[in-house]
Protein chains: 4
Amino acid sequence: MRAKRTRAQQTDERRLAIVAAALDAFVESGFEATKISDVAARAGVAKGTVYLHFADKEALFEAIVRDALSPVVQGIGAISTDGVASVRSLFEAFALPLMLDIVESRRGDVLRLLISEGRRFPRLAEFYHAEILTPAKAHIQRLLCKAVENGELRNPGLAEYPLLVAAPMLMSVIWAGLFQRLDPIDFEALFRTHLDTLFMPGA
Amino acid sequence: MRAKRTRAQQTDERRLAIVAAALDAFVESGFEATKISDVAARAGVAKGTVYLHFADKEALFEAIVRDALSPVVQGIGAISTDGVASVRSLFEAFALPLMLDIVESRRGDVLRLLISEGRRFPRLAEFYHAEILTPAKAHIQRLLCKAVENGELRNPGLAEYPLLVAAPMLMSVIWAGLFQRLDPIDFEALFRTHLDTLFMPGA
Amino acid sequence: MRAKRTRAQQTDERRLAIVAAALDAFVESGFEATKISDVAARAGVAKGTVYLHFADKEALFEAIVRDALSPVVQGIGAISTDGVASVRSLFEAFALPLMLDIVESRRGDVLRLLISEGRRFPRLAEFYHAEILTPAKAHIQRLLCKAVENGELRNPGLAEYPLLVAAPMLMSVIWAGLFQRLDPIDFEALFRTHLDTLFMPGA
Amino acid sequence: MRAKRTRAQQTDERRLAIVAAALDAFVESGFEATKISDVAARAGVAKGTVYLHFADKEALFEAIVRDALSPVVQGIGAISTDGVASVRSLFEAFALPLMLDIVESRRGDVLRLLISEGRRFPRLAEFYHAEILTPAKAHIQRLLCKAVENGELRNPGLAEYPLLVAAPMLMSVIWAGLFQRLDPIDFEALFRTHLDTLFMPGA
DNA sequence: AATGAATGAGGTTTCATTCAT
DNA sequence: AATGAATGAAACCTCATTCAT
C-alpha cells in the first residue's frame with residue numbers, strides 16, 4: 001500500500017482535477033454559463049480552492065484552453081517531411097487519423113470552445129493563431145509544395161492556400177458538435193473524398 | 001394618408017426595432033452576456049416592452065435567429081438549376097458573391113452566433129439543419145450531378161459529399177470572425193482556387 | 001383619504017428611507033462592517049433597490065455623508081457678524097446650543113463617522129475641509145478679530161488660531177461617542193469654562 | 001553565547017514581529033479592511049502562525065492596541081509634580097514635546113485607530129479610559145491646582161476641566177490624520193498659543 | 001512550533017422578470 | 001400598449017479560520 005501521497009502531490013492532483021472539471025464544464029456550457037461552484041463540485045473541492053489555483057474565472061478559462069492546446073502545439077513541431085515519396089499516402093497515414101481523433105475527442109471540444117468564445121478572448125485567439133494555425137499552415141504548405149514537385153496535385157495553385165486543405169476538418173468539427181446527432185456523417189469517407197479531389201487519381 | 005401611423009403599425013415598428021437591436025446585441029456579446037436592458041436601450045424602448053413581444057430571453061434569442069435566417073431559407077428555395085450549361089460559371093456567378101457577402105455581412109455574424117450557441121439551443125440547430133443545411137445540401141448536390149453529367153468535375157465522387165464544396169465558406173466565416181484582423185485572407189482568391197480544385201481546367 | 005401617492009413620490013420616499021437607513025447603519029458599524037443587505041432591510045426594500053439609487057457601496061457612503069453635512073454647509077454661510085456688540089454673548093447665544101446639538105445629535109454621529117473613515121475616503125475629507133472647516137475657521141476668525149477690537153479676548157494671539165476655539169467641541173464629539181457612557185461630562189459647563197478661559201471676566 | 005537563539009527567544013521574536021506588523025496593518029487600513037494574510041506577510045510568517053499567538057482577529061487587534069498604549073500608561077505614572085515652581089514651564093518642557101511626538105508618531109496613529117474603532121471595541125475604550133485618560137486627567141488636574149496656587153492660571157475654573165487643556169492635542173492628532181496634507185498647521189505654534197491662553201502673560 | 005492548502009460562510013453586485021401605474 | 005422601479009435569486013470572489021503535515 002503506497003496510497004499515501006505527499007501534500008504537494010495531493011495539491012497537484014487537486015489542480016489537475018480542477019483543470020479537468022473546468023474543461024468539461026466550459027465545453028458543456030461555454031464561458032458565461034459555467035459556474036465556478038459547478039467546476040468545484042465536479043472536481044470534488046470547495047469553491048475557494050479553485051481560487052487558490054486561478055486568479056479568476058477568466059484566468060481559469062484561458063489556462064484550461066492553453067493547457068488543452070499545448071500538446072497540439074508540441075505535436076505540430078514534431079512532424080517531419082523529410083524523404084517523403086507520396087504526399088497523399090502521408091496524408092492518409094497521418095492526417096486522416098489525426099482528423100478523426102480531433103473530430104471525436106476532447107480536442108475537438110476545445111476547438112469548438114475556442115471558436116465559440118474566441119471573440120471575447122482575443123488573447124486566446126492570438127495564441128491559437130500564433131502557436132497552432134500558423135505552424136500548421138506552414139507545415140501543410142511544405143507538404144503541398146512537395147506534392148507539386150511530385151506532380152501529385154490536381155491544382156498546383158492549392159499550394160498558395162493550405163487552409164483549403166484543412167477546411168473540411170474544421171467543418172467536420174463543427175458538424176460533429178451541432179449536427180452529427182441529427183444527421184450523421186461518415187467523416188472518414190468525407191475526408192477520403194477530399195483527398196481524391198486534391199490528388200491525381202491512381203497516385 | 002399622412003405621417004401618422006396606425007397603432008398596429010407602431011407596434012410592428014417597435015417589434016422590428018427590438019428584433020434588430022437584439023440581433024446586434026446577441027451578435028456582439030453572445031447569449032449569456034447580452035442584457036435585456038441593453039437590447040431595450042438599443043431599440044429605444046423600455047425593458048418591459050421587450051417582454052410584451054417575447055416571453056423571455058431564450059424566446060427572443062430563438063426568434064431573432066430564426067428571423068435572420070428566414071431570408072436565407074427563401075433564397076435557397078428560389079434558385080433554379082434549369083438549363084444551366086456550365087456549373088462552374090454558375091458557381092462563379094452566384095456562389096462567389098453569396099459567399100463574400102456571407103463572410104463579411106450580418107449573415108456571417110448570425111452564422112457565427114449559431115455556431116457558438118447552437119449547443120445550448122438544440123431547437124435552433126435543428127431548425128437550421130432542416131430549413132437551411134438540408135435544402136442547401138440538396139441544391140449543391142443537384143448542381144454537382146449536373147456537373148458530373150457535363151464532365152466538369154475532376155472528382156465525380158464529390159457529388160456524394162456536397163458539404164466538401166461548402167467547407168471553405170464555413171472556414172472563411174470563422175476566419176473572418178476570429179483571425180482576419182490578425183492575418184487577413186483574400187477570400188475571393190481563396191474561393192477561386194477552391195473552384196479551380198473542383199472543376200476541370202479550361203472549363 | 002389622499003393616502004395615494006404617485007409613483008415618483010413613492011420612489012422618492014424609498015430613496016429617503018434608504019438614505020436614512022444607510023446613515024444609521026454606517027454610523028453604527030462603520031463603512032466596512034455595514035452590509036448592504038442590512039441597509040436594505042432597515043429601509044424595508046430589497047437589496048437590489050439600493051443599487052437602483054446608488055452605484056455601489058462607496059457611492060452610497062459618500063452620498064449619505066455629503067447629504068448629512070450639507071445643511072451644516074448652508075448654516076455656516078447664513079451666519080452674520082454685523083453689528084455685534086459682545087462676541088462672548090454671541091458665542092453663548094449661538095455656538096453653545098450649536099455645540100450641544102452637534103455633540104448629542106445625528107450630526108455628531110456623522111462627524112464621528114467622518115473622523116473614522118476619512119482616511120479611506122479622501123474625497124470626503126477634502127469636501128469637509130473645503131465646505132465646512134475652512135468657512136467655519138474664517139467665520140470664527142472674523143469673530144475673534146472683532147473680539148480683539150472690543151478688547152474682549154484675554155489672549156489676542158488666539159485670533160491666529162481659530163481652531164483652538166473649536167477644539168473643545170471636537171473633543172466633546174469624540175468623548176460623547178466613546179466615553180460618555182463610562183464617564184459622563186457636562187458638556188455645557190465644559191464649554192462655559194472654555195469661554196471663561198477665552199474671554200475677559202465680567203465682559 | 002553565539003548568534004544561536006533559543007527556541008523561546010525565536011518564538012518571542014516572532015510574536016513581536018507579528019505585533020509590529022499587525023499594528024502597521026491596522027493603522028493603515030482599520031480593523032475590517034486588514035487581512036490576516038497581510039499581517040502574516042508583513043511579519044514574515046505563515047498565516048497559521050498568527051493563530052498560534054492570538055485566538056482570532058479581534059484578540060489580535062485588542063492585544064496590539066493595548067501593547068501600543070501600555071508605554072503611555074507607564075509614562076504617565078512616572079511623571080512627578082513635586083517641587084515644581086512654574087507649571088507653564090513644565091508644560092513647555094514636557095507636554096509640548098510629548099504632544100508633537102504624539103501628533104507625528106506611531107502613538108498618534110494608535111490614537112486615531114482607537115477613535116475610529118472604539119465604538120466596536122468597547123473593551124478597548126474602557127481600557128483606554130481607565131488606564132490612560134483617567135490618570136492623565138488626574139495628573140493634569142494636579143498640575144492645574146498647583147498653577148492655581150501659583151496664580152499662574154488666567155481662569156482658575158479650568159482646574160475643574162482638565163480635558164480643556166488636552167483638547168488641542170486631540171484636535172491636532174485628528175487634523176494630522178485627515179487634513180494636514182490639505183492644509184498644514186504649525187502644531188508647535190498652535191500649542192504655544194494655547195499655553196498663552198491658559199497662563200498669565202509674563203509668567 | 002510552524003506551515004499554507006483547503007474550506008465555506010458571507011459579502012457585493014448583476015440582471016431576468018414582474019407588475020402597478 | 002408601454003413603462004421602469006422593484007425584486008430577489010444567483011453569481012463571483014474574499015478571507016477568517018482550521019488542520020494535516
Side-chain angles (χ1 to χ4, degrees), chain A residues 4-12 14-15 18 32-40 44-58 60, chain B residues 7-8 10-11 14-15 32-41 44-60, chain C residues 4-12 14-15 18 32-40 44-58 60, chain D residues 7-8 10-11 14-15 32-41 44-60:
Chain A
K4 209 143 186 185
R5 285 149 301 179
T6 68
R7 187 78 154 308
Q9 277 173 329
Q10 276 199 358
T11 298
D12 280 357
R14 248 182 259 259
R15 190 196 156 94
I18 292 169
E32 292 275 359
T34 294
K35 295 173 278 184
I36 293 291
S37 62
D38 185 41
V39 171
V45 301
K47 239 183 320 177
T49 307
V50 176
Y51 288 92
L52 289 180
H53 295 278
F54 302 93
D56 55 21
K57 201 182 167 186
E58 291 204 11
L60 174 60
Chain B
R7 178 70 66 83
Q10 277 196 359
T11 299
R14 245 182 256 263
R15 192 195 151 94
E32 289 278 355
T34 293
K35 294 177 275 185
I36 294 290
S37 64
D38 184 37
V39 171
V45 302
K47 240 187 310 179
T49 306
V50 176
Y51 285 88
L52 294 177
H53 294 275
F54 302 93
D56 56 20
K57 199 182 167 187
E58 294 204 3
L60 174 60
Chain C
K4 208 145 186 187
R5 286 148 301 179
T6 69
R7 187 81 156 304
Q9 276 173 330
Q10 276 198 0
T11 298
D12 280 357
R14 246 181 262 260
R15 190 195 156 94
I18 292 170
E32 291 276 358
T34 294
K35 295 172 277 183
I36 293 291
S37 63
D38 185 40
V39 172
V45 301
K47 243 184 313 178
T49 306
V50 176
Y51 287 90
L52 290 180
H53 295 277
F54 302 94
D56 56 21
K57 201 181 165 186
E58 291 204 12
L60 174 60
Chain D
R7 178 70 66 84
Q10 277 197 0
T11 299
R14 247 181 255 263
R15 191 195 152 93
E32 290 278 354
T34 293
K35 292 176 276 185
I36 294 291
S37 63
D38 184 39
V39 171
V45 301
K47 241 187 309 178
T49 306
V50 176
Y51 286 88
L52 295 176
H53 294 276
F54 302 93
D56 57 21
K57 200 180 165 188
E58 296 204 1
L60 173 60

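Computed from a predicted model, the values in this text were never measured in an experiment. Just so you know, these numbers use all the heavy atoms, side chains as well, and skip hydrogens, waters and symmetry mates.
A:Arg15 CZ to A:Asp12 CG: the interatomic distance, rounded to the nearest 0.5 Å, is 8.5 Å. Distance check, rounded to the nearest 0.5 Å: CD1 of A:Ile36 to CD1 of A:Ile18 gives 9.5 Å.
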Side-chain donor-acceptor distances from residues 48-57 of chain C under 3.5 Å, at least two apart:
unit_1: C:Thr49; atom_1: OG1; unit_2: C:Ala46; atom_2: O; d: 3.4
unit_1: C:Asp56; atom_1: OD1; unit_2: C:Glu58; atom_2: N; d: 3.3
unit_1: C:Asp56; atom_1: OD1; unit_2: C:Ala59; atom_2: N; d: 2.9
unit_1: C:Lys57; atom_1: NZ; unit_2: C:Phe31; atom_2: O; d: 3.0
unit_1: C:Lys57; atom_1: NZ; unit_2: C:Glu32; atom_2: O; d: 3.3
unit_1: C:Lys57; atom_1: NZ; unit_2: C:Thr34; atom_2: O; d: 2.8

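For the pair C:Asp56 CG and E:dT13 C1', the interatomic distance rounds to 9 Å; values are reported in whole Å. The distance between atom CZ of D:Arg15 and atom P of E:dA2, rounded to the nearest whole Å, is 12 Å. One interatomic measurement links the two molecules: NZ of D:Lys35 to C1' of F:dT14, which rounds to 8 Å at whole-angstrom precision. Taking atom CG of residue D:Leu60 and atom C1' of nucleotide F:dC15, one finds them 15 Å apart after rounding to whole Å. If you take NZ of C:Lys57 and C1' of E:dT13, they are 12 Å apart, rounded to a whole angstrom.
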So if I define the base as every atom that isn't primed, P, OP1 or OP2, how would nucleotides 3-9 of chain E read as a B/S/- string at a heavy-atom cutoff under 4.0 Å?
BBSBBB-

Can you give the dot-bracket line for DNA chain E, using ( ) for pairs inside the strand, [ ] for pairs that cross earlier ones, | for pairs with another strand and . for unpaired bases, where Watson-Crick and G-U count if both distances are under 3.5 Å?
.||||||||||||||||||||

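Heavy-atom distances to DNA chain F give each of A:Ser37 and D:Ala33 a nearest nucleotide, and the one nearer the 5′ end belongs to A:Ser37.
Closest to the B:Ile36 side chain, of the nucleotides E:dT12, E:dT17, F:dC12, is E:dT17. Side-chain atoms of B:Tyr51 lie closest to E:dA16 of the nucleotides E:dG11, E:dA16, F:dA16.
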